[in-house]
Novice: 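Questions regarding the structure given below will be posed in turn.
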Amino acid sequence: MEQPVAVKSPARALVELADVVKAFKTPKGQLVACDHVSLTVEQGVSVGLVGESGSGKSTLIRTMQLLERPTSGTVRMNGEDVTRLPEPKLKPYRRNIQFVAQDPYSSLFPNLTVSQNIMEPLRIHKVGDAKSRPLKALELMQRVGLPADYFHAYPHELSGGQQQRVAIARALALSPQILVLDEAVSSLDVSIQAQILNLLQRLKAELGLTYIFISHNLAVIRLMCEQTAVMYLGRIVEQGESDSLFRRPMHPYTRALIASIPAFTAEGVTPLPSESVLTGERPSPTNLPSGCAYRTRCPFATERCKNERPELRRVEPDRLVACHYAETLAANR
Ligand SMILES: Nc1ncnc2c1ncn2[C@@H]1O[C@H](COP(=O)(O)OP(=O)(O)OP(=O)(O)O)[C@@H](O)[C@H]1O
Ligand code: SF4
Ligand SMILES: [Mg+2]
């Protein structure tokens, strides 16, 4: 299979997924949650992952962290192939990618104080000692804007936004290069969301972090990520520089995703033709259509789409698209 080339010119690659497949055996048959995915995350270039529920975003991240071993393909971290490293040897790589979940309360230990929660990764990874860890916790609390008074507080005594600050501080404890944020602001009130996004932008600048953002909120992705990858049924169907991708989506699925959010299209994104609004049922992931998996919902599908699977290919210097007709569709908008 032809390998899509990374969209950006060589910067420092932190993680490289090459042709990664992750298949699960289910009672209904084999389910390919990640289908020949290649993705490079470069230092300082945050990546947004978008796509409907079940498109494989979380599986992709779990495979990247090697919490799930890929069925085939390779995972490289900082240049080293770690795909088949035994568990104990993965520890130093794992700590480099930290995760912030959607619901801060359930991701924190309720019986541990704020500082104990933040120190937990240090304890697990045997970093520092009884003297240095509380100082580190205090420093991280300051970094994420939590008053020192909360040092001995319990998570239930905090607001949702404050709990998410604790979760972010904990994720930063081991000084990772990458922070994965899976719907990390979606359970918060809009005003609190904005505060957390501001905090994340500041931390990115201060600490040189690279984010992988998963969100159904495309405006958040556009704000926070230099690159965006759009997934459909386990595959990346479009990838490119975020602002350009949202202004001028080329894959019919990306067009439909954007068109289905009126507030977002009103925000300076070129209005899309009504036929590109997302319609129809998502096919069963254990019984995918032949050819292009999107063809059952695509208003532009032809006989060729039924017979031939479109590979993810470069159609512009900064754009990869998996559609036979990407150029024609983009020209006729
Ligand atoms: N351990 C597993 N065993 C079987 N199927 C799985 C497993 N994990 C994920 N899947 C399936 O893989 C597909 C992708 O799931 P995944 O959770 O990665 O999607 P997602 O894009 O993160 O969705 P959401 O937006 O709802 O979080 C789904 O069809 C899901 O049911
Ligand atoms: S390859 Fe065909 S079915 Fe698939 S997105 Fe393009 S036009 Fe639609
Ligand atoms: Mg998910």
Side-chain angles (χ1 to χ4, degrees), residues 17 20-35 37 39 48-65 67-71 99-103 107 180-184 186-187 212-218 220-221 229-238 249-257 272-273 275-313 315 319-333:
L17 302 184
V20 164
V21 174
K22 179 64 202 174
F24 295 110
K25 283 195 185 109
T26 76
K28 289 185 174 173
Q30 175 166 267
L31 188 156
V32 183
C34 284
D35 190 358
V37 172
L39 179 71
L49 282 183
V50 302
E52 286 167 292
S53 186
S55 56
K57 306 179 296 294
S58 296
T59 305
L60 180 65
I61 297 301
R62 290 179 61 75
T63 311
M64 183 182 279
Q65 293 177 291
L67 297 170
E68 300 277 3
R69 297 278 176 164
T71 309
F99 188 82
V100 180
Q102 174 167 1
D103 178 2
S107 75
V180 176
L181 300 122
D182 194 343
E183 298 287 359
S186 35
S187 65
I212 301 178
F213 243 89
I214 298 179
S215 181
H216 287 92
N217 186 336
L218 302 185
V220 166
I221 295 287
V230 182
M231 292 190 74
Y232 187 72
L233 288 171
R235 295 188 70 206
I236 293 179
V237 295
E238 182 159 12
M250 294 178 86
H251 193 285
Y253 177 62
T254 317
R255 290 170 62 157
L257 267 188
L272 293 156
E275 81 267 35
S276 62
V277 171
L278 194 56
T279 53
E281 288 280 306
R282 185 172 64 103
S284 158
T286 49
N287 186 20
L288 292 181
S290 63
C292 177
Y294 188 55
R295 71 175 169 81
T296 52
R297 302 167 84 183
C298 180
F300 310 107
T302 66
E303 201 56 25
R304 182 182 175 197
C305 307
K306 200 172 175 181
N307 300 323
E308 197 184 318
R309 178 165 124 146
E311 296 305 330
L312 187 64
R313 62 195 171 87
V315 298
R319 190 73 65 89
L320 302 172
V321 187
C323 169
H324 296 311
Y325 305 110
E327 293 88 341
T328 327
L329 293 175
N332 292 333
R333 293 192 41 212

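Just so we're clear, the structure is a prediction, and the values are computed from it rather than from any experiment. Remember, it's 1-based here, ligands and their atoms both numbered in the order they're listed. As a basis for the values below, the full set of heavy atoms in this structure was taken, side chains included, without hydrogen atoms, waters or symmetry mates.
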Novice: When you measure from atom 17 (O) of ligand 1 to every protein heavy atom, which one gives the shortest distance, and what is it?
Specialist: Ser58 CB, 3.9 Å
Novice: Decide, counting backbone as well as side-chain atoms, whether Ser58 has an N, O or S atom less than 2.8 Å from the Mg ion (ligand 3).
Specialist: yes
Novice: How does Ser55 reach ligand 1, if at all, at less than 4.0 Å between non-hydrogen atoms: by side chain, backbone, both, or neither?
Specialist: both
Novice: For atom 2 (Fe) of ligand 2, which candidate among Pro310, Pro252, Cys305 holds the nearest heavy atom?
Specialist: Cys305
Novice: Name the closest protein heavy atom to atom 1 (S) of ligand 2, giving the residue it belongs to and the distance to 0.1 Å.
Specialist: His324 N, 3.5 Å
Novice: Are any of the N/O atoms in Thr26 less than 3.5 Å from those in ligand 1?
Specialist: no
Novice: Looking only at distance, does Glu68 have an N or O less than 3.5 Å from an N or O of ligand 1?
Specialist: no
Novice: Who's the nearest protein heavy-atom neighbour of atom 4 (Fe) of ligand 2, and how far?
Specialist: Cys292 SG, 2.4 Å
Novice: State whether Glu311 and Arg235 are salt-bridged, where the test is any N-O pair (Lys NZ or Arg NE/NH1/NH2 against Asp/Glu carboxylate O) under 4.0 Å.
Specialist: yes
Novice: What protein heavy atom is closest to atom 16 (P) of ligand 1, reported as residue, atom name and distance in Å?
Specialist: Thr59 OG1, 3.6 Å
Novice: Pair Arg313, Glu327 - check salt bridge (Lys or Arg N to Asp or Glu O under 4.0 Å), show working.
Specialist: CA-CA 11 Å; Arg313 62 195 171 87; Glu327 293 88 341; 2.9 Å; yes
Novice: Less than 4.5 Å apart, any side-chain heavy atom of Lys28 and any of Pro285?
Specialist: no
Novice: Could you check atom 7 (C) of ligand 1 against the protein and tell me its nearest heavy-atom contact, residue, atom and distance included?
Specialist: Phe24 CE1, 3.4 Å
Novice: Judged on heavy-atom distance to atom 8 (Fe) of ligand 2, which of Ala326, Pro299, Cys298, Cys323 sits nearest?
Specialist: Cys298
Novice: Can Arg255 and Glu238 be counted as an ion pair, charged N to O under 4.0 angstrom?
Specialist: no
Novice: Please find the pair of heavy atoms, one from Ala293 and one from Tyr232, that lie closest to each other, and give the distance.
Specialist: O-CE2, 3.6 Å
Novice: Short question: side chain of Lys22, backbone of Arg69 - any donor-acceptor pair under 3.5 Å?
Specialist: yes
Novice: Testing the basics here: between Leu49 and Met231, what is the closest heavy-atom pair and its distance to 0.1 Å?
Specialist: CD2-SD, 4.5 Å
Novice: Would you say Ile61 and Asp182 make side-chain contact, with heavy atoms under 4.5 Å?
Specialist: no
Novice: Nearest protein heavy atom to atom 30 (C) of ligand 1: under 4.0 Å?
Specialist: no
Novice: Heavy-atom distances under 4.0 Å are what count here, so tell me which part of Leu31 touches ligand 1: side chain, backbone, both or neither.
Specialist: side chain
Novice: With a 4.0 Å cut-off on heavy atoms, is Gly54 in contact with ligand 1?
Specialist: yes
Novice: Quick check for you: to the nearest 0.5 Å, what is the distance between Glu183 atom CD and Gln102 atom CD?
Specialist: 5.5 Å
Novice: Between ligand 2 and His251, can you find any atom pair, the residue atom being a heavy atom, that is separated by under 4.0 Å?
Specialist: yes
Novice: How far is atom 7 (S) of ligand 2 from its nearest protein heavy atom, and which residue and atom is that?
Specialist: Tyr325 CD1, 3.6 Å
Novice: Between atom OH of Tyr253 and atom SG of Cys323, what is the distance when rounded to the nearest 0.5 Å?
Specialist: 14.5 Å
Novice: Side chains of Leu288 and Leu233: closer than 4.5 Å at any heavy-atom pair?
Specialist: yes
Novice: Do any nitrogen or oxygen atoms of Ser53 come within less than 3.5 Å of a nitrogen or oxygen of ligand 1?
Specialist: yes
Novice: Could you identify the single nearest non-hydrogen protein atom to atom 25 (O) of ligand 1 and state the distance to 0.1 Å?
Specialist: Lys57 NZ, 2.8 Å
Novice: Between His216 and ligand 1, which residue portion shows a heavy-atom distance shorter than 4.0 Å: side chain, backbone, both, or neither?
Specialist: side chain
Novice: So, for Thr296 and Pro283, which heavy atoms are closest and what is the spacing to 0.1 Å?
Specialist: OG1-CG, 3.6 Å
Novice: At less than 4.0 angstrom from any non-hydrogen atom of Pro285, what atoms of ligand 1 do you find?
Specialist: 29 (O)
